[in-house]
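Each ligand, and each atom within it, is numbered from 1 in the order the structure gives.
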Amino acid sequence: MPDTPTANDLPNAPAAERNFEPILAALRVEFVGCRRVLEIGSGTGQHAAGFAAAMPWLEWQPSEMPGQLESIRLWQAASSLPNLSDPLEIDVASASVPAGYDAGFSANTAHIMSEYHVERLFRLMGRALYPAGVFCLYGPFTEAGRFSTESNRQFDERLRLGDPKMGIRAIERVDEFAERAGLSRRRRYAMPGNNLLLVFERAA
Ligand SMILES: C[S@@+](CC[C@H](N)C(=O)[O-])C[C@H]1O[C@@H](n2cnc3c(N)ncnc32)[C@H](O)[C@@H]1O
């Protein structure tokens, strides 16, 4: 059994550290009346640990692709929070969907997954959430065919050069996937770094 890690030993994604506070400010509003949150693509797990600590009324359920849970487990062990659940293995492409959540969250995943997988992410949320449940999706998006900045356009170019299936998604396409899954976009928050936090609600 390894020793419990200290904060300094934990895997750290600088982007997740930078965007933590602005995302938290929006989630405090959106998740105020919620109880159970399902996070998709938790990455290092630092968001899950930080959000669970900052919003103790929530039961936070992190998840990651099969075989990629180790970092989340390290953050969980270091934080030892009663409201941070053991991570689940979830690939949005898989058919089995956990249910019983009134909130969903995913950060910086839509441009990393293929567009097909983004559609599956919405389908998953459409089934995992109770009616009137909310899903908050954070990341960069294009609107009306335009990148918000030249740096986002260059980022998109780099992503697609590395893997043609990756890329910054059009907000209109994302809204279409949401509608097909029974979710509608209700609100949007402008975030630092030209990112957005989009809030979808499952039909009541
Ligand atoms: C850029 S990272 C973001 C991680 C974390 N949410 C954050 O903000 O730091 C993108 C994440 O999406 C996850 N991901 C990619 N494809 C996925 C899929 N098909 N199902 C679930 N997660 C996926 C990756 O494993 C990775 O952790």
Side-chain angles (χ1 to χ4, degrees), residues 7 10-27 30-31 37-55 58 60-76 78-79 84-98 101 103-129 135-141 151-152 154-156 158-169 174 177 181 189 191-199:
L10 295 169
N12 181 56
E17 197 171 310
R18 279 194 304 275
N19 62 31
F20 177 79
E21 288 296 340
I23 295 177
L24 174 61
L27 296 187
E30 295 300 329
F31 292 168
V37 185
L38 174 62
E39 180 184 8
I40 298 295
S42 300
T44 57
Q46 69 200 87
H47 271 165
F51 294 146
M55 296 179 282
L58 294 172
W60 196 278
Q61 177 62 70
S63 76
E64 247 306 334
M65 297 278 279
Q68 297 187 32
L69 304 187
E70 199 40 43
S71 173
I72 306 172
R73 291 199 177 109
L74 291 174
W75 275 90
Q76 187 192 24
S79 53
L84 180 58
S85 306
D86 291 342
L88 297 176
E89 291 195 331
I90 299 181
D91 177 339
V92 294
S94 103
S96 70
V97 176
Y101 296 88
F105 173 71
S106 196
N108 278 331
T109 47
H111 59 280
I112 300 298
M113 296 174 183
S114 67
E115 201 171 70
Y116 164 81
H117 286 100
V118 178
E119 179 171 24
R120 301 298 301 221
L121 167 65
F122 277 93
R123 269 209 238 174
L124 182 150
M125 281 296 165
R127 295 208 206 130
L129 293 179
F135 171 41
C136 294
L137 179 64
Y138 169 89
F141 299 91
S151 66
N152 266 1
Q154 288 172 6
F155 178 44
D156 178 72
R158 283 197 304 278
L159 284 171
R160 289 177 199 270
L161 274 174
D163 180 345
K165 290 194 181 125
M166 291 187 184
I168 294 182
R169 307 293 160 207
V174 169
F177 293 153
Y189 293 76
M191 294 272 137
N194 304 296
N195 289 302
L196 294 174
L197 185 131
L198 305 177
V199 184

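Under 4.0 angstrom from ligand 1, the non-hydrogen atoms of D91 come from both its backbone and its side chain. Contacts between Q46 and ligand 1, counted as non-hydrogen atom pairs separated by less than 4.0 Å, are absent for every part of the residue. Heavy atoms of T44 found under 4.0 angstrom from ligand 1: none, in either backbone or side chain.
At the top of the distance list for atom 6 (N) of ligand 1, counting protein heavy atoms only, stands G41 O, 2.7 Å. The protein heavy atom nearest to atom 9 (O) of ligand 1 is A16 CB, 3.6 Å. When hydrogens are left out, the protein atom nearest atom 15 (C) of ligand 1 is M113 CG, 4.0 Å; that is the closest non-hydrogen contact. Looking at atom 17 (C) of ligand 1, its nearest protein heavy atom turns out to be M65 SD, 3.3 Å. Scanning all protein heavy atoms for the shortest distance to atom 2 (S) of ligand 1 gives N108 O, 3.7 Å. Closest to atom 13 (C) of ligand 1 among all protein heavy atoms lies E64 OE2, 3.8 Å.
For the pair R120 and V92, the tightest heavy-atom approach, listed with the atom from each and the gap, is CB-O, 3.3 Å.
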What do the steps show when you test M125 against I40 for side chain to side chain contact (heavy atoms under 4.5 Å, CB included), and what is the final call?
CA-CA 9 Å; M125 281 296 165; I40 298 295; 3.7 Å; yes

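In this structure the side chain of D86 never reaches within 4.5 angstrom of the side chain of Q61, judged on heavy atoms. When side chains are defined from C-beta on, I90 does not count as touching V97, because their heavy atoms never get closer than 4.5 Å. No side-chain heavy atom of R123 sits under 4.5 Å from any side-chain heavy atom of F177. Residues E89 and M65 form no side-chain contact, since every pair of their non-hydrogen atoms from C-beta on lies 4.5 Å or further apart.
Among F135, F51, F31, the single residue meeting the ring-ring contact (aromatic ring centres under 6.0 Å, His included) criterion with F105 is F51.
Those atoms of ligand 1 with a heavy atom of H117 less than 4.0 angstrom away are 19 (N). Within ligand 1, counting atoms from 1 as listed, the ones closer than 4.0 Å to a heavy atom of Q68 are 25 (O). Ligand 1 places these atoms under 4.0 Å from at least one heavy atom of I112: 1 (C), 10 (C). Near I90, the atoms of ligand 1 lying under 4.0 angstrom from a non-hydrogen atom of the residue are 20 (N), 21 (C).
Across L121, T109, V92, heavy-atom proximity to atom 20 (N) of ligand 1 is greatest for V92.
Judged by distance alone, the side chains of Q154 and S151 never bring a donor and an acceptor atom under 3.5 Å apart. Judged by distance alone, the side chains of N195 and Y138 do bring a donor and an acceptor atom under 3.5 Å apart.
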